[in-house]
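Note that the coordinates shown come from a computational prediction; the quantities given were computed from them, not determined experimentally.
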Amino acid sequence: MRGYITRISFSLLIMSLSIISNAQVSEVIDKELNLHNLKTKIIPLGQLLDSAVIHSPLLKMIDADILIQDLKIKSEKKDWLSYFSVTGSAKYGMFDNLIINESLGDESTGTTNAKQQRYSVGLSLKIPFSSIFDNVDREVAISEKMKLQYQKDKVVSELRKLVVTQYGNLLRAHAKLIIKTSELETMKMQMADAEINYKNGKIPLADYSKQKSQLLNLRLECEEIRIEFTVAIHLLQETIGIKLNLN
C-alpha cells in the first residue's frame, strides 16, 4: 500500500513539473512573440494596400487604355466642330442702288450710283452622311471606357484581397518561426542533458537516439518554416512593388 501511494505521489509530481515546464515554455514564447512583433517593423497594412495599387503593372495598363479611350472621345467631339464654318466678306466701290418712289399711287423706279463699303457675315453647316454613322465610334469609345473602369475596380478589389492574404501569411509564418525557434532552443538544452546522461549511463542508447531524432526533425521543421517566411516576404514585396525592411 505504501509503495502504491509512493508511485501515485511520484506521478503527480511529474505531472506538476510538466505543467510548470509547459507554462514556462508558453511564457517564453509569448515574450519572444512580443519582442519580435513583426507588426511594429512592417509598414501599416493601409500603406501596403496603397502601394500595391500604385505599383501594379496591370492597373497601369488599364489606365493607359482608359486614356486612349478618352482621347478617342475628345477627337470625335473636335470632328463635329469642323462641320461648322463662318464666312465673311467686305467690299468697297461703286454700287448701283435700286430706288422705288411712291407718290399719289404712282410708283416709279430708278437707280443711283454711289461709292459704298459693304460687309457680309454668314454661318454654314455641312454634315456629310458618313458623319452620322461615324458617331457610333464615339459611343463605342465611351462604352469601352466604362468597361475598362469596371475592370479596374475589380482588379483593385482583387489586389487588395491578395495583399491582405499575403500579409496574413507573412505574420503567420513569422509567428510559427518564433515558436519553433524557441522550441528548438529548449530541445537543444534537453539534448545536451541527454548526452551527459547517456555518457554517464543514466539513459539507454534507444532513449538518446530517440531524442536526437526529435531534435533533427525539429531543425528540419524550422528550416521549412524559415523558407515559408522568406517566400511570404518576397511574394508580398512583389505585389506591393517595394522592399520591406524587417531588420
Side-chain angles (χ1 to χ4, degrees), residues 33-87 123-180 221-247:
L33 289 174
N34 292 330
L35 181 62
H36 302 283
N37 189 358
L38 192 62
K39 290 182 180 180
T40 61
K41 298 180 180 181
I42 197 171
I43 60 179
L45 178 59
Q47 295 183 21
L48 294 177
L49 295 172
D50 293 339
S51 179
V53 172
I54 293 174
H55 296 93
S56 171
L58 180 56
L59 289 177
K60 290 180 180 179
M61 291 176 59
I62 295 176
D63 285 337
D65 290 337
I66 290 176
L67 179 59
I68 291 174
Q69 299 303 323
D70 277 334
L71 294 176
K72 287 183 178 180
I73 294 171
K74 292 179 180 179
S75 176
E76 292 296 332
K77 287 182 178 179
K78 290 181 179 179
D79 287 345
W80 275 97
L81 295 177
S82 64
Y83 302 146
F84 296 90
S85 62
V86 177
T87 59
L123 176 65
S124 63
L125 172 62
K126 180 182 65 175
I127 303 179
F129 288 108
S130 60
S131 65
I132 299 175
F133 302 99
D134 289 342
N135 191 43
V136 177
D137 294 337
R138 182 171 179 269
E139 298 298 330
V140 170
I142 294 175
S143 299
E144 286 295 327
K145 180 184 175 182
M146 292 177 59
K147 184 164 60 175
L148 287 169
Q149 189 61 53
Y150 293 143
Q151 182 182 355
K152 179 181 178 180
D153 294 340
K154 181 180 179 181
V155 171
V156 170
S157 178
E158 293 177 350
L159 185 60
R160 291 173 67 88
K161 292 178 182 177
L162 178 61
V163 172
V164 171
T165 300
Q166 292 178 342
Y167 178 73
N169 292 339
L170 178 61
L171 296 181
R172 188 181 301 109
H174 180 261
K176 288 166 60 177
L177 182 61
I178 295 298
I179 294 173
K180 282 297 179 181
E221 289 180 20
C222 283
E223 287 304 314
E224 290 177 349
I225 296 174
R226 195 182 305 276
I227 294 173
E228 179 184 345
F229 177 65
T230 303
V231 171
I233 293 175
H234 287 294
L235 288 176
L236 183 58
Q237 289 181 156
E238 188 69 21
T239 303
I240 64 177
I242 59 176
K243 297 291 183 181
L244 295 174
N245 184 13
L246 303 180
N247 297 327

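With sequence neighbours left out, the salt bridge (charged side-chain N to carboxylate O under 4.0 Å, His left out) criterion links Glu158 to no other residue. Legend: residues meeting salt bridge (charged side-chain N to carboxylate O under 4.0 Å, His left out) with Glu238, ordered by chain and number and at least two apart, are absent.
Interatomic distance, CG of Leu171 versus CD1 of Ile42, reported as 6.5 Å (0.5 Å rounding). Summarising the geometry, atom CG belonging to Asp70 is positioned 3.5 Å from atom NZ belonging to Lys145; distances are rounded to the nearest 0.5 Å. Taking CD of Glu224 as the reference point, atom CG of Leu177 lies at 12.5 Å (rounded to 0.5 Å). In this structure, the separation between CG on Leu59 and NZ on Lys152 is 6.5 Å, given to the nearest 0.5 Å. A distance of 9.0 Å separates CG of Asn169 from NZ of Lys176, quoted to the nearest 0.5 Å. Rounding to the nearest 0.5 angstrom, the gap separating the CD atom in Glu223 from the NZ atom in Lys180 is 13.0 Å.
Nearest heavy-atom pair, Gln237 versus Leu244, reported as atom, atom and distance to 0.1 Å: OE1-N, 2.8 Å. Nearest heavy atom pair, residue Leu159 against residue Ser56, reads CD2-CB, 3.8 Å. Of all the heavy atoms in Ala52 and Val163, the pair that sits closest is CB-CG2, 3.6 Å. Scanning all heavy atoms of the two residues, the minimum distance from Gln166 to Leu236 falls at OE1-CA, 3.4 Å. Of all non-hydrogen atoms in Leu49 and Val164, the two that sit nearest each other are CD2-CG2, 4.2 Å.
Within the 4.5 Å cutoff, the side chain of Leu170 has no heavy atoms near those of the Leu235 side chain. Annotation: side chain of Lys161 is in contact with side chain of Ser157 (closest heavy-atom distance under 4.5 Å).
None of Thr239, Ile240, Ile242 except one satisfies the side chain to side chain contact (heavy atoms under 4.5 Å, CB included) rule with His55; the exception is Ile242.
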Apply side chain to side chain contact (heavy atoms under 4.5 Å, CB included) to the pair Met146 and Gln149, showing each step before the final yes or no. CA-CA 5 Å; Met146 292 177 59; Gln149 189 61 53; 5.6 Å; no
Apply salt bridge (Lys or Arg N to Asp or Glu O under 4.0 Å) to the pair Glu228 and Arg172, showing each step before the final yes or no. CA-CA 10 Å; Glu228 179 184 345; Arg172 188 181 301 109; over 6 Å; no
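The existence of a salt bridge linking Glu144 and Lys72 is excluded, since no basic side-chain nitrogen approaches an acidic carboxylate oxygen closer than 4.0 Å.
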